[in-house]
Amino acid sequence: MSLTDRDQHLEELMDDPACDPKRLRRTLQRFSTVNRLVAGWDGVYRSHLRPALAERSGPARILDIGCGGGDVLRRIVRRSRRDGFAVTGVGVDPDERALEVARRAPQTDGGTYRQGFGRDLVTEGERFDLVISNHLLHHLSDAEFAGLLADSEALATTLAVHSDIARGRLAYAAYAVGITPLAPGTFLRTDG
């Protein structure tokens, strides 16, 4: 198997329901720094989300599926509001431990979190202008991946953007070196 291929059978330590809760909490808290450095959401906002919001008239709703600690949703909502858009955001995640971190973080007006899956929102008939996910795809089996795409299509009225990790020798090497200062007491190095 090449480093560019995703191993569908590999499970991250943080996905284990019995993982160390302190390490998980620290991992989720530090994602805000990691995501600012490597996830590229500022560029995605400028190139995709802001133009989609600019085409709308009236308030917009943003959904972050698998929101984890909620840092990406908070950042997107803040940026959107700073640009003059009336937006609210909902983060959904099946792991209550992640949502606890999201709810305890400094909050952004217009952001809420709830436990569940995108499928739950589809069943409830919810609709959102923008649907996003960050570093979720590599956690999914092929069937779950297909389900996420179907759910996103049902939920998004304007645009869905799913961002995941880049794989390859250079990406792995750069991450291994760059994550070292943030990794102590977390799953960032092993799971990354």
Side-chain angles (χ1 to χ4, degrees), residues 12-17 19-46 48-50 52-53 59-83 85-122 124 126-140 144 148 151-152 155-156 159-165 179 182-183 185-188 191-192:
E12 293 186 7
L13 297 175
M14 67 182 289
D15 291 337
D16 181 351
C19 74
D20 182 305
K22 288 180 183 176
R23 287 182 73 190
L24 177 63
R25 186 180 66 253
R26 284 188 210 117
T27 301
L28 291 164
Q29 290 168 335
R30 291 185 190 160
F31 275 157
S32 64
T33 301
V34 172
N35 286 330
R36 260 193 333 272
L37 295 172
V38 302
W41 280 99
D42 287 338
V44 171
Y45 174 78
R46 285 188 306 273
H48 291 73
L49 304 180
R50 184 171 53 195
L53 291 168
R61 296 178 73 207
I62 302 170
L63 172 66
D64 184 357
I65 298 176
C67 67
D71 60 285
V72 171
L73 180 64
R74 286 189 301 275
R75 187 167 181 80
I76 297 298
V77 168
R78 274 195 312 270
R79 297 258 344 233
S80 301
R81 287 179 166 215
R82 219 174 22 231
D83 285 347
F85 301 112
V87 300
T88 56
V90 175
V92 64
D93 199 290
D95 193 333
E96 185 57 43
R97 300 169 303 173
L99 295 173
E100 180 181 329
V101 171
R103 290 178 182 127
R104 288 181 181 221
Q107 294 302 304
T108 299
D109 287 342
T112 60
Y113 304 97
R114 62 177 280 190
Q115 187 173 15
F117 296 90
R119 169 62 34 197
D120 300 327
L121 300 173
V122 171
E124 294 169 12
E126 289 276 5
R127 302 285 285 172
F128 297 84
D129 302 286
L130 305 175
V131 173
I132 64 172
S133 75
N134 180 63
H135 296 174
L136 170 66
L137 306 180
H138 66 275
H139 294 266
L140 307 177
E144 291 167 332
L148 173 71
D151 293 346
S152 297
L155 291 165
L159 179 68
V161 178
H162 300 288
S163 177
D164 206 51
I165 60 175
I179 202 62
L182 296 171
T186 72
F187 296 119
L188 289 172
D191 283 359

Between the main-chain N or O of G69 and the side-chain N or O of R74, is there a donor-acceptor pair closer than 3.5 Å? yes
Exactly one of V44, L49, I65 should register a side-chain contact (heavy atoms from CB on, under 4.5 Å) with I132. Which one does? L49
For R61, check salt bridge (charged side-chain N to carboxylate O under 4.0 Å, His left out) against everything at least two apart and list the hits. E126
Under 3.5 Å, side chain of D120 to main-chain N/O of F117, donor-acceptor pair present? yes
Taking all heavy atoms of Y113 and all of G70, pick out the closest pair and write down the distance. OH-O, 3.6 Å
Can E96 and R103 be counted as an ion pair, charged N to O under 4.0 angstrom? yes
D93 and C67: which non-hydrogen atoms are nearest, and at how many Å? OD2-N, 3.4 Å
Heavy-atom side-chain proximity of L28 to E100 below 4.5 angstrom: no
Go through the structure and list residues passing side-chain hydrogen bond (donor to acceptor under 3.5 Å, both in side chains) with R46, not counting sequence neighbours. none
Partner set under salt bridge (charged side-chain N to carboxylate O under 4.0 Å, His left out) for R78, not counting sequence neighbours: none
Which pair of heavy atoms, one from T88 and one from V77, lies closest together, and at what distance? C-CG2, 4.5 Å
Looking at V92 and G118, what are the two nearest heavy atoms and their distance? CG1-N, 4.5 Å
Do R81 and V87 make a side-chain contact, defined as non-hydrogen atoms from C-beta onward lying under 4.5 Å apart? yes
For W41 against S163, the heavy-atom pair lying closest together: CZ2-CB, 3.7 Å
What closest approach, in Å, do V131 and F128 show between heavy atoms, and which atom pair accounts for it? CG2-CB, 4.3 Å
